Structure formats: structure tokens, C-alpha cells
Amino acid sequence: MSILLVDSNRDASDRTDALELGADDVLDPGTPASEVAARILAVATRRAGYAGPVLNIGPLRVSLSERKVWWGAAQVKMSPAQYTIFEKLCLNAPHAVSKHLIMGELYGIDEGGEERTIDVFVATLRSRLANAGAPRTLIETIRGRGYRLADVTPEDDQMSLPFDMPVEDFGIPAQISDVA
């Protein structure tokens with residue numbers, strides 16, 4: 001059971017005592033409703049052991065909140081830019097993602113950068129994934145369109161979510177199912 005205490009006493013020692021006796025958080029009565037809601041959600045997710053949405057596609061696992069990727073039991077080390085590209089490919093699978101869209105994700109809509117840079121990032125991603133045991137063909141080049149994640153095991157696509165939250169709450173397409 002979670003305990004969120006609302007206390008008008010401003011004495012720090014009383015708040016400390018409440019926390020030491022097991023309260024999860026102590027708020028004063030003037031706390032805005034949006035902050036109270038955020039604190040309730042934080043306490044509830046901590047209690048549930050929720051680590052955030054995780055995308056599972058066959059042996060591929062992507063923790064969207066931790067920005068980490070595993071192939072089977074092996075964690076795939078990626079730079080922030082490589083992760084951004086890979087996440088975009090995973091969330092748009094099986095559709096191709098254009099180099100222009102990837103450039104926008106990495107550098108902003110109007111910012112520059114060479115499209116060849118994306119080719120280098122993807123080549124490095126393929127190598128890192130292969131080192132973890134993934135096939136080098138996991139990221140496919142679609143000539144004239146960009147890149148896409150290859151079909152690993154499409155019937156196993158699923159999104160792991162806390163509680164019974166709708167997938168749309170996370171900005172994820174609805175065709176990915178939610179699994180508690």
C-alpha cells in the first residue's frame with residue numbers, strides 16, 4: 001500500500017518523521033492538482049516496479065524509457081544518435097523510415113548534416129547488433145526510401161505496459177498490443 005500524506009505543518013522534522021515511518025511522500029495542502037497527480041503516478045509506478053514501456057520483437061527488446069537495446073540476453077551498446085535511429089526504425093516497423101526523417105530526429109527539421117552520416121550510423125548499428133548475435137540484415141536498406149527493421153517474428157510484436165494503460169498514452173501506434 002502506498003501512503004501519500006498531506007500535511008499543513010511546515011516543520012521539517014514532522015515531515016521527516018512521516019517519511020521515516022513509511023510515508024512515500026509528504027505534500028502541503030496548497031500543492032497544485034497536477035503535481036499531486038504526478039506524485040501519485042510516481043509512487044504507484046515505483047511500487048509496481050514499472051520500468052517503462054518495453055518493445056519486444058522476437059529476440060529484440062527495446063526499453064523506451066531507459067533507451068537500451070538487447071538482442072536475446074546481450075545488451076547492445078549504442079550512442080545516443082544510434083539509439084534514436086534504431087528506436088525510430090523499431091517504432092515504425094515494418095515501414096521504411098526516410099533518411100530525411102532520421103535527419104530531422106537527430107538534427108532538427110531545418111538543421112543540416114549530410115545524409116551520408118545516416119549511412120555511417122546505420123553501418124555502425126548493424127555491426128553492433130551483429131556483435132550481439134543479431135543478423136546483419138536486421139536493418140534493411142530500401143533503395144530510394146530509407147531503412148526499415150526486418151521482420152524478425154511479426155506475430156510476436158508486443159508492447160509491455162504497466163497496469164492497463166492504453167498504448168496510445170505512450171504515443172505508440174495502436175497495432176502494438178499492451179501486455180501487463
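This one's a predicted model, so the numbers in the text were calculated from it and none came from an experiment.
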S.K.: Using 0.5 Å steps for rounding, measure from the CG atom of L129 to the CD atom of Q82.
M.R.: 9.0 Å

S.K.: Work out which heavy atom in R148 is nearest to a heavy atom in H95; give both atom names and the distance.
M.R.: CB-O, 3.5 Å

S.K.: Would you call V69 and M78 a side-chain contact if the rule is heavy atoms closer than 4.5 Å?
M.R.: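 V69 vs M78: side chains touch.
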
S.K.: Grab the two heavy atoms, one from P80 and one from R67, that are nearest each other, plus how far apart they are.
M.R.: O-NH2, 3.3 Å

S.K.: Are a donor atom and an acceptor atom from the side chains of Y147 and N92 found within less than 3.5 Å of each other?
M.R.: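 Note: Y147 and N92 side chains miss the donor-acceptor criterion.
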
S.K.: For E66 and S63, indicate whether the former's side chain and the latter's backbone hold a donor-acceptor pair under 3.5 Å.
M.R.: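 Checking the backbone N and O of S63 against the side chain of E66, no donor-acceptor pair under 3.5 Å is found.
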
S.K.: List the steps and the verdict of side-chain contact (heavy atoms from CB on, under 4.5 Å) for I85 and L106.
M.R.: CA-CA 8 Å; I85 293 169; L106 292 177; 3.8 Å; yes

S.K.: Looking just at side-chain N and O atoms, do T137 and R126 make a donor-acceptor pair shorter than 3.5 Å?
M.R.: no

S.K.: Given the rule that I, L, V, M, F, W and Y join up when any side-chain heavy atoms are under 4.5 Å apart, are W70 and L89 in one cluster?
M.R.: no

S.K.: Could you tell me if the side chain of D14 sits less than 4.5 Å from the side chain of T16, heavy atoms only?
M.R.: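 The answer is no; the side chains never approach within 4.5 Å.
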
S.K.: Give the intermediate values and the outcome of side-chain contact (heavy atoms from CB on, under 4.5 Å) for residues T31 and V6.
M.R.: CA-CA 9 Å; T31 304; V6 178; over 6 Å; no

S.K.: Mind listing the closest non-hydrogen atom pair of E140 and A150 along with its distance?
M.R.: OE2-CB, 3.6 Å

S.K.: Hydrophobic clusters here meaning ILVMFWY residues chained together by side-chain heavy-atom distances under 4.5 Å, can you tell me if V122 and I142 are in one?
M.R.: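 Different clusters.
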
S.K.: Looking only at heavy atoms, what is the nearest atom pair of R145 and A96, with distance?
M.R.: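 That would be NH2-CB, 3.9 Å.
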
S.K.: Grouping I, L, V, M, F, W and Y whenever their side-chain heavy atoms are under 4.5 Å apart, do L149 and L101 come out in a common cluster?
M.R.: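 Linked, L149 and L101 end up in one cluster.
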
S.K.: If I compare all heavy atoms of R136 with all of S127, which pair ends up nearest, and what's the gap?
M.R.: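 Smallest heavy-atom distance, with atoms named: NH1-CA, 3.5 Å.
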
S.K.: Any idea which heavy atoms bring K68 and Y83 closest together, and the distance?
M.R.: N-CE1, 3.8 Å

S.K.: Using a 4.5 Å cut-off on heavy atoms from C-beta on, say whether the side chain of L19 contacts that of V26.
M.R.: yes

S.K.: Quick one, L64 with V62, criterion side-chain contact (heavy atoms from CB on, under 4.5 Å). Give me CA distance, side-chain angles, the key distance, then yes/no.
M.R.: CA-CA 6 Å; L64 301 174; V62 181; 3.9 Å; yes

S.K.: Is any side-chain heavy atom of S65 less than 4.5 Å from a side-chain heavy atom of V54?
M.R.: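 In short, these two side chains do not touch, never coming nearer than 4.5 Å.
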
S.K.: Please evaluate residues I118 and M103 with respect to the criterion side-chain contact (heavy atoms from CB on, under 4.5 Å), reporting the C-alpha separation (whole Å), side-chain torsions for both, the decisive distance (0.1 Å), and the verdict.
M.R.: CA-CA 7 Å; I118 305 305; M103 295 283 290; 3.5 Å; yes

S.K.: Counting C-beta onward and ignoring hydrogens, is there a side-chain heavy-atom pair between E20 and D17 closer than 4.5 Å?
M.R.: yes

